Amino acid sequence: MDFGERYSRQILFPPIGAEGQMRLAAARVAIVGCGATGSALASLLARAGVGYLRIIDRDYVEPSNLQRQVLFDESDAAESLPKAIAAARKIKAFNSEIVVEPHSADLTPHNAEELLSGIAVLLDGTDNFETRYLINDFAVSKTVPWIYSAAVASYAVTMTVLPGETACLACVFPDSPRGLVETCDTSGILNSAVNFIASVACTEALKLLVGARDKLRRALLSYDVWSNDFAEINTAKPRAGCRACGQHDYVHLAGEGRPHITLCGRNSVQIHERQRPVDFDEVTRRLSPHGPVRHNEFVLKFWREPYELTLFPDGRAIIKGTTDTAVARSLYARYVGS
Ligand SMILES: [Zn+2]
């Protein structure tokens, strides 16, 4: 497809122009988390012509995602496709001329260097502060810009972090903010709140990538699409004594990793203590006497009432039906191996 024609309407916008479009084509961006926000970000950036997108997500597509996660469809949910894989497939259908590198993985201190290196801008599509602090530590330590985004119910918030220049996430939130620990599962979410904040964050990324730094927002923006409450907190200067950008104390990046995590409040536990490839055919043979089991190339599912186990090729698993990590770990040991 003709490059000039494909992006003609964006090239007509003077602050981007032909030169900006070339810069986008040469740009490398990573999106951490490909749920609602990450889907919208990836979709917008891919259509805008960002040449390389690395999509990192630990989860798989479920029917309840389809209300707001714009890159997925019913067949992805039926197959329980990993979100990173499904996203890459969908993007290829509307823009086959850019490179999308999917990683079905959980971002941890151990793999942060591998998954986040060689990137001009990092975008937050996660649903938890633990991972955001890890992204912040990595970005501040490497002086890579990143954009924080979050949405719950009708409320959404975003902030552009320019390490060494503006406040970082730890400047604004030294600890996880209480108001934002509500999750989509407890408070619900409007797809319009997500798409609003993804649009703002995507535009900030475009400004960074075409070199329009003077146009970047140096404030934490929050907006409630239902009540119309709008607020900004100035983030133009770092906070004196900030753990991350002031003292260079990267506790989240230095962390020993997280042996198991309860996911986004939806009654499930992730286990990734073991980084050992599993053979799906072998596991299927072993599990079939104990309950229904099926797999494709990317994911294996096993049902044992009241639990549902989803296993990934690297040995990582998500166990649904419990929030008790001890129960999850014992199920994993029994059915997958210790
Ligand atoms: Zn800071």
Side-chain angles (χ1 to χ4, degrees), residues 28-33 37-38 41 54 56 107-152 155-182 197-198 200-209 211-223 230-258 261:
R28 295 168 63 89
V29 169
I31 299 168
V32 183
T37 312
L41 287 168
R54 191 179 294 158
I56 303 147
L107 182 72
T108 67
H110 295 291
N111 61 21
E113 179 83 39
E114 179 200 335
L115 290 176
L116 303 182
S117 290
I119 290 296
V121 186
L122 302 171
L123 288 154
D124 168 23
T126 69
D127 57 8
N128 66 89
F129 257 81
E130 199 173 7
T131 312
R132 290 183 179 120
Y133 282 130
L134 174 59
I135 297 170
N136 188 65
D137 273 9
F138 180 88
V140 169
S141 72
K142 306 279 183 187
T143 327
V144 178
W146 80 280
I147 302 170
Y148 157 61
S149 306
V152 166
Y155 172 82
V157 55
T158 183
M159 168 171 74
T160 304
V161 177
L162 307 171
E165 210 177 314
T166 68
C168 79
L169 187 70
C171 289
V172 181
F173 303 112
D175 302 298
S176 298
R178 239 176 244 138
L180 289 173
V181 296
E182 304 168 70
I197 217 64
V200 174
C202 166
T203 313
E204 289 289 288
L206 295 182
K207 293 178 201 173
L208 271 163
L209 296 174
R213 289 177 81 97
D214 59 318
K215 296 293 181 196
L216 291 165
R217 189 176 8 77
R218 286 167 167 78
L220 178 132
L221 164 85
S222 68
Y223 186 60
F230 173 93
E232 277 189 319
I233 299 169
N234 189 309
T235 57
K237 289 274 167 286
R239 178 175 53 82
C242 169
R243 168 191 62 75
C245 68
Q247 300 170 14
H248 306 288
D249 177 9
Y250 304 120
V251 284
H252 297 274
L253 193 55
E256 288 302 295
R258 298 153 292 175
I261 306 169

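In each ligand, atom 1 is the first atom listed, and ligand 1 is the first ligand listed. Start at 1 with the first residue, then count along the sequence. Quantities reported herein were computed from a predicted structural model and do not represent experimental measurements.
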Check ion pair Asp137-Arg243 (N to O, under 4.0 angstrom): yes
So, Arg132 side chain and Tyr148 main chain: donor-acceptor pair closer than 3.5 Å or not? no
Mutual orientation of the aromatic rings belonging to Phe129 and Phe173 [parallel < 30°, tilted 30-60°, perpendicular > 60°]: perpendicular
Euclidean distance, Lys142 NZ relative to Leu253 CG, rounded to 0.5 Å: 7.5 Å
Leu41 side, atom CG; Ile31 side, atom CD1 - distance, nearest 0.5 Å: 5.5 Å
Under 2.8 Å from the Zn ion (ligand 1), which protein N, O or S atoms do you find? Ignore water molecules. Cys168 SG, Cys171 SG, Cys242 SG, Cys245 SG
To the nearest 0.5 Å, what is the distance between NZ (Lys215) and OG1 (Thr203)? 13.5 Å
